[in-house]
Q: 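Take a look at this one; I'll ask things after.
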There are 4 protein chains.
Amino acid sequence: MDGEPRTKAALIEAAIHMFQQKGFQLTRVSDIVSAAGVSQGTFYNYFKSKEEIFRDICNEFISQLQTLFIERTEHLFDGDTIEEIVSNVHKIVRDVIRIYQENLAVAELLFREGIGNGGLFKQIYEDILTIFLALIEEQVKKARSRGLVRMDDPEVASVLLFGLFERGLFYFMLIRRNTDLERLEQAMVDFILNALSFDFEAKLTPHVHE
Amino acid sequence: MDGEPRTKAALIEAAIHMFQQKGFQLTRVSDIVSAAGVSQGTFYNYFKSKEEIFRDICNEFISQLQTLFIERTEHLFDGDTIEEIVSNVHKIVRDVIRIYQENLAVAELLFREGIGNGGLFKQIYEDILTIFLALIEEQVKKARSRGLVRMDDPEVASVLLFGLFERGLFYFMLIRRNTDLERLEQAMVDFILNALSFDFEAKLTPHVHE
Amino acid sequence: MDGEPRTKAALIEAAIHMFQQKGFQLTRVSDIVSAAGVSQGTFYNYFKSKEEIFRDICNEFISQLQTLFIERTEHLFDGDTIEEIVSNVHKIVRDVIRIYQENLAVAELLFREGIGNGGLFKQIYEDILTIFLALIEEQVKKARSRGLVRMDDPEVASVLLFGLFERGLFYFMLIRRNTDLERLEQAMVDFILNALSFDFEAKLTPHVHE
Amino acid sequence: MDGEPRTKAALIEAAIHMFQQKGFQLTRVSDIVSAAGVSQGTFYNYFKSKEEIFRDICNEFISQLQTLFIERTEHLFDGDTIEEIVSNVHKIVRDVIRIYQENLAVAELLFREGIGNGGLFKQIYEDILTIFLALIEEQVKKARSRGLVRMDDPEVASVLLFGLFERGLFYFMLIRRNTDLERLEQAMVDFILNALSFDFEAKLTPHVHE
DNA sequence: AATGAATGAGAATTCATTCAT
DNA sequence: CATGAATGAATTCTCATTCAT
């Protein structure tokens, strides 16, 4: 019913590109279709409106990110040695950086546009927040229960962690653009672990893996 | 040449309100003038365009914030005892929260709209970043030079600090709205000091006040 | 050349239905084809345009109505007694009502749409008028020549007769919908015969049947 | 709030003209504004949509017609002699013809467009019907109660009267165009009075004028 | 004969901005 | 200074029709 998958894909790719460049409001459907090499009318065979294609793109990215995030955090603090745990933290930071990098266009799109637009997409952004804050908070609590971090206020901590991740990646990957990602990874891990009062000397209590 | 200051003030106030509610793109000049109780034409006696009033509002807020920030950070790490310094940090965090709170509407406006809009206001946002990152970085370096914090990468640290401040305040003051600000202050100070590996036991070297 | 008669019939039926429901202008070719259960392209194997199918439908109905009308009016005023003639009038009124009822959808379609549409179908409607006015006028004149009615102005009379028939049926069958058709028939016959100054006492002159 | 009355009047006049010529659906807003000599945008300072201006035009005509009709029917059958009453009937028929003629464009517009358009304006047309049928029926009943007409079914009679008026005027004034209106008036009065079995010999019962 | 994706001309409507009063 | 009517470029979306498969 939605016709040629190649046409649809071309429209999506073009839309991501244009939205990233000019923003949602300033991107014209005519920009998208001419970038995709199809006619104006064709757009409406695949999407009900400009809003719909935007929403589709965001949702696709979010669910990808969410899946990966869940997978990578599952055993984040399950390691039996401090080294293992620190290595896990490194891994997840590296992965998030990578995912962000692989989806740079959509990520920028989402974090730029998802916020503004007079609340047109407020919901989308707030949904992401809710999802990720819950996932982060869960990990912080787990780490605390294993005595790995001292942290009186996991809720605030989660928000601050989210904020530093989001803005940090945003800044280095989209504004500065030319960063040494290894250095960024290292600095982020240090910053985060310190921020959470991570106990590098902790004697780990035996941990039962579910 | 710009006539009645009250008319101008009314337009600015109305614009802040409307921009905050509907976003820049979705706010109509007609919304602003009717909220201000003047006619459509009058708007153009005071502002060249919708863009100009937005820029004016942002610049006003930024320079206010900047002035205050400079003033409060001037002697941030100059204290002679650890207690004094920690108290300074508390004070500045509290002040930033307060400034943010006093200018909630503009702050939201800026951090929502300044980012998106297809880079229409990219410059504004990046200017703010540059200003604040420089100020933050300066303090981080000073603290490091006094041996108060260990911090290998002050640039990354500044960015992350900026990010956690911005998103943290954004979240608690604009999305959650009902937060206990004292608790937020406490949690932020802890988080920040830990993140920077603040040395609570440091033996302060005598410090020459300029 | 016109392929499957069943496909064509399905398209016509669907078109009548949709035109009746939404009007010509507001009916989409997509409405017709999906009601007919065929694809968009198929439509154009059978009809050159949306206009053509509309015209076809109208013409079909008109020629049916015309055939029946000619047949029923042929000996309308040929009866040898007043009773016979009045009965003929009753019969034709009843038949017209019946034809109208049997083709309600097309009739509505025609009398609603055939008139408006910026004269797109003005011609169709005016053709019908011409045909029927001629037929009616012929009967009126015949009746007058046999001394059955006094009627100074047969042309005006025909128009008024046409008008009262059309609007009357339109009103009772399409707007009121729930009318007692026997009562309508009786009232129409009375009204018409009186209007034409029908002479219920007339002494009929012998009539030569052609 | 609706600005220059002259601009509005020009738009209305232009709209009537265009609607009459091309019909509602086929008239473009651009046709109207260029006929009115204003810009496209100006139209929307005065009317919310193309539909609104159409509705406004219809309502204006209807209320005019209604007012006049009520006024002229008030004492229609109040006369003390048959001659007086017949003269009243003549007068009202003449007046309706005149009103119709004075508003030819709108009348055509209404009776063409008010019917079709997929029921878009069905309501308008049915409202008119309701109003006029009630007024006509009231007169028919009054005439019957004074013994002036025999008429078993005043409801049907009203509908038929309305139909013959509407279609008759429509035909002679809009299709034939070149009619002798005096002859039309005479024929209509005859037709109507006969149709209602008007008793030209009636001995009027004294009538109390309210 | 049937399909349905692609087309693109064309429509209504919006709104920042101008300018005569 | 204030006004608000006029402007018209710009934009989204529709839909009859075509045509390669």
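Every chain is numbered from 1, with letters handed out A, B, ... down the list of sequences.
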Q: Does anything in residues 31-43 of chain D come within less than 4.0 Å of DNA chain F? Heavy atoms only, and list the residues if so.
A: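 Those residues whose heavy atoms fall under 4.0 Å from DNA chain F, taken from residues 31-43 of chain D in numerical order, are Val38(D), Ser39(D), Gly41(D), Thr42(D).
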
Q: Under 3.5 Å, side chain of Gln64(D) to main-chain N/O of Glu60(D), donor-acceptor pair present?
A: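 Absent.
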
Q: Between Lys48(A) and Thr27(C), name the one whose nearest nucleotide on DNA chain F is closer to the 5' end.
A: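 Per heavy-atom nearest nucleotide, the more 5' residue is Lys48(A).
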
Q: May I have all residue pairs that pass salt bridge (charged side-chain N to carboxylate O under 4.0 Å, His left out) and include part of residues 33-43 of chain B, sequence neighbours excluded?
A: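 Checked against salt bridge (charged side-chain N to carboxylate O under 4.0 Å, His left out) - neighbours excluded - no pair reaches residues 33-43 of chain B.
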
Q: Determine whether any donor atom in the side chain of Asn45(D) lies under 3.5 Å from an acceptor atom in the base of dA6(F), or the reverse, and answer yes or no.
A: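 Yes, a donor-acceptor pair under 3.5 Å.
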
Q: Around Gln40(A), counting heavy atoms of other residues, nucleotides and ligands shown, do more than 12 lie under 6.0 Å from its CD?
A: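 Buried by this count: over 12 neighbours within 6.0 Å.
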
Q: With pairs taken as Watson-Crick or G-U wobble and both distances under 3.5 angstrom, which stems of at least three consecutive pairs involve DNA chain F?
A: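 Detected stem regions: E:2-21 with F:2-21.
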
Q: Assign the ring pair Phe54(A) / Phe19(A) to parallel, tilted or perpendicular, where the plane angle (0 to 90°) is split at 30° and 60°.
A: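 The rings of Phe54(A) and Phe19(A) stand perpendicular, inter-plane angle above 60°.
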
Q: Please list all pairs meeting salt bridge (charged side-chain N to carboxylate O under 4.0 Å, His left out) that have one or both residues in residues 24-34 of chain D, counting only residues at least two apart or in different chains.
A: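 Passing the test, one end in residues 24-34 of chain D: Lys22(D)-Asp31(D).
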
Q: Can you tell me if Ser34(B) uses its side chain to pair, donor with acceptor, with the backbone of Ser30(B) under 3.5 Å?
A: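 Yes, Ser34(B) side chain to Ser30(B) backbone: donor-acceptor pair under 3.5 Å.
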
Q: Phe47(B): which residues meet the ring-ring contact (aromatic ring centres under 6.0 Å, His included) condition with it, sequence neighbours left out?
A: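 By the ring-ring contact (aromatic ring centres under 6.0 Å, His included) rule, Phe47(B) matches Phe43(B).
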
Q: Quick one: ring-ring contact (aromatic ring centres under 6.0 Å, His included) partners of Phe61(C), sequence neighbours excluded?
A: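 In terms of ring-ring contact (aromatic ring centres under 6.0 Å, His included), with neighbours along the sequence ignored, Phe61(C) is linked to no residue.
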
